[in-house]
Amino acid sequence: MKLSVIIPTYNEYPYLEDAVHSVSFADEIIVIDSFSTDGTAALAVALGCKVVERKFDNFSAQKNHAIPLAKGDWILFLDADERITLALQAEILSKINQSNYGGYKLRFPHFFLNRFLYHKADRVTRLVRNNGIYFTGDVHEKLHIPEGKIGILNNYVLHYTYKGIFHFLSKKESYAWFQAGEFYKKKKKITYFHLAFKPFYRFFSTYILKRGFMDGVAGFAGSATDAYGVFARYAKAMLLERGLK
């Protein structure tokens with residue numbers, strides 16, 4: 001079975017090389033670039049990747065544009081700030097050559113305050129059969145798989161989530177506006193209940209239910225900043241709803 005890797009990029013020059021090296025076991029690597037201004041596309045070409053330039057409109061559209069270009073039987077979707085470990089590499093190769101599953105979720109521990117938060121690990125479907133798949137949603141996009149069960153791989157992806165406090169703030173703000181826009185398009189009514197309860201529950205879920213407290217101070221800070229992100233999306237959605245953007 002052949003494996004294609006799709007990496008969406010925009011100004012990821014400092015991070016792309018390590019990401020590409022971590023998936024060098026793949027049969028092809030496709031970089032879908034949003035007209036980076038820092039040399040990302042040229043670096044991708046130098047690293048042997050197939051590079052496609054496309055103006056960014058949303059995350060789903062970028063990936064959907066790249067999917068038909070992939071020649072592999074399986075596709076792995078990777079961001080430039082993510083790394084596939086040797087253990088995960090071996091697991092991926094084993095699964096795509098032996099499995100009847102339609103896809104697999106990968107485990108993503110957050111990287112915060114210079115450490116990985118293993119009790120704050122997302123599970124996201126990223127490894128899938130190249131068979132009629134597509135994404136929907138502007139941000140935190142959903143991958144649709146027409147057939148087959150979804151499994152979960154055991155080993156972790158190293159995800160360098162935040163590249164400093166300013167990157168964290170800009171990323172949360174950007175995602176919040178995208179999500180607020182989705183709420184607005186769906187005419188979802190935002191109330192003060194959302195502003196108060198949703199952030200509280202996110203903190204409770206990540207810090208208590210998912211045992212974020214076991215990651216120490218970083219676990220507390222990560223849970224708190226996640227709660228802030230939830231608050232920001234509903235606050236911005238309320239602004240859009242009231243025409244106050």
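We number each residue from 1, following the sequence as shown. Hydrogens, waters and symmetry mates play no part in the numbers below; they use all other heavy atoms, side chains included.
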Next on the checklist: What verdict does the ring-ring contact (aromatic ring centres under 6.0 Å, His included) test give for Tyr10 and Phe35, after you've listed the backbone C-alpha separation in whole Å, the side-chain angles of each residue and the deciding distance to 0.1 Å?
Outcome noted: CA-CA 7 Å; Tyr10 178 69; Phe35 293 100; 9.5 Å; no
If every non-hydrogen atom of [X] is compared with every non-hydrogen atom of [Y], which pair is closest and at what distance?
X: Gly102; Y: Trp74; value: O-CZ3, 4.3 Å
X: Ala180; Y: Arg233; value: CB-O, 3.6 Å
X: Glu53; Y: Ala41; value: OE2-CB, 3.3 Å
X: Ser34; Y: Phe56; value: OG-CB, 3.5 Å
X: Gly137; Y: Asn58; value: O-OD1, 4.2 Å
X: Tyr101; Y: Ile150; value: CD2-C, 3.7 Å

Next on the checklist: Checking side-chain contact (heavy atoms from CB on, under 4.5 Å) between Ile7 and each of Asp79, Leu16, Ile32, Ile30, which is the one that passes?
Outcome noted: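 Answer to the side-chain contact (heavy atoms from CB on, under 4.5 Å) test with Ile7 among Asp79, Leu16, Ile32, Ile30: Leu16.
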Next on the checklist: Exactly one of Val128, Ile96, Ile84, Ile6 should register a side-chain contact (heavy atoms from CB on, under 4.5 Å) with Leu76. Which one does?
Outcome noted: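 In the set Val128, Ile96, Ile84, Ile6, the residue that makes a side-chain contact (heavy atoms from CB on, under 4.5 Å) with Leu76 is Ile84.
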Checklist entry - Using the ring of each side chain (for Trp, its six-membered ring), is Phe183 parallel, tilted or perpendicular to Tyr234, with breaks at 30° and 60°? => result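 Judged by the thresholds at 30° and 60°, the geometry between Phe183 and Tyr234 is parallel.
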Item to check | Whether Phe193 and Phe197 hold their rings parallel, tilted or perpendicular, with breakpoints at 30° and 60° | outcome: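 Aromatic pair Phe193/Phe197 classed parallel.
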Item to check | Rounded distance [0.5 Å steps], CZ in Phe231 versus CG in Leu195 | outcome: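 With rounding to 0.5 Å, CZ (Phe231) is 5.5 Å from CG (Leu195).
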Checklist entry - If you measure from CZ on Phe213 to OG on Ser223, what distance do you get to the nearest 0.5 Å? => result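 Atom-to-atom, Phe213:CZ and Ser223:OG are 10.5 Å apart.
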Next on the checklist: Can you confirm whether Arg202 sits close enough to Thr206 that some side-chain heavy atom of one is under 4.5 Å from a side-chain heavy atom of the other?
Outcome noted: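 In short, these two side chains touch, coming nearer than 4.5 Å.
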Checklist entry - What's the verdict on side-chain contact (heavy atoms from CB on, under 4.5 Å) for Asp73 and Leu3, showing C-alpha distance, side-chain angles and the deciding distance? => result CA-CA 6 Å; Asp73 306 286; Leu3 174 67; over 6 Å; no
Are [X] and [Y] close enough that a side-chain donor and a side-chain acceptor fall under 3.5 Å?
X: Thr40; Y: Asp33; value: no
X: His194; Y: Thr191; value: yes
X: Glu12; Y: Ser36; value: no

Checking [X] now: which residues fulfil side-chain hydrogen bond (donor to acceptor under 3.5 Å, both in side chains) with it, not counting sequence neighbours?
X: Gln98; answer: none
X: Thr136; answer: His144
X: Tyr104; answer: Ser99

Item to check | CA sep, side-chain torsions, deciding dist, call: Arg107, Val157, side-chain contact (heavy atoms from CB on, under 4.5 Å) | outcome: CA-CA 6 Å; Arg107 303 172 190 264; Val157 178; over 6 Å; no
Item to check | salt bridge (Lys or Arg N to Asp or Glu O under 4.0 Å) between Glu82 and Arg126, worked out | outcome: CA-CA 12 Å; Glu82 298 168 351; Arg126 292 286 199 87; 2.9 Å; yes
Next on the checklist: Does Lys105 form a side-chain contact (heavy atoms from CB on, under 4.5 Å) with Leu153? I'd like the steps, not just the answer.
Outcome noted: CA-CA 6 Å; Lys105 291 183 178 182; Leu153 299 187; over 6 Å; no
Item to check | Intermediate values then yes/no, side-chain contact (heavy atoms from CB on, under 4.5 Å), Leu78 and Val23 | outcome: CA-CA 9 Å; Leu78 191 75; Val23 290; 3.8 Å; yes
Checklist entry - Is the Phe220-Tyr207 ring centre distance short of 6.0 angstrom? => result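 Yes, close enough.
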Item to check | Test salt bridge (Lys or Arg N to Asp or Glu O under 4.0 Å) applied to Lys63 and Glu141, step by step | outcome: CA-CA 10 Å; Lys63 294 176 182 178; Glu141 59 278 12; 2.6 Å; yes
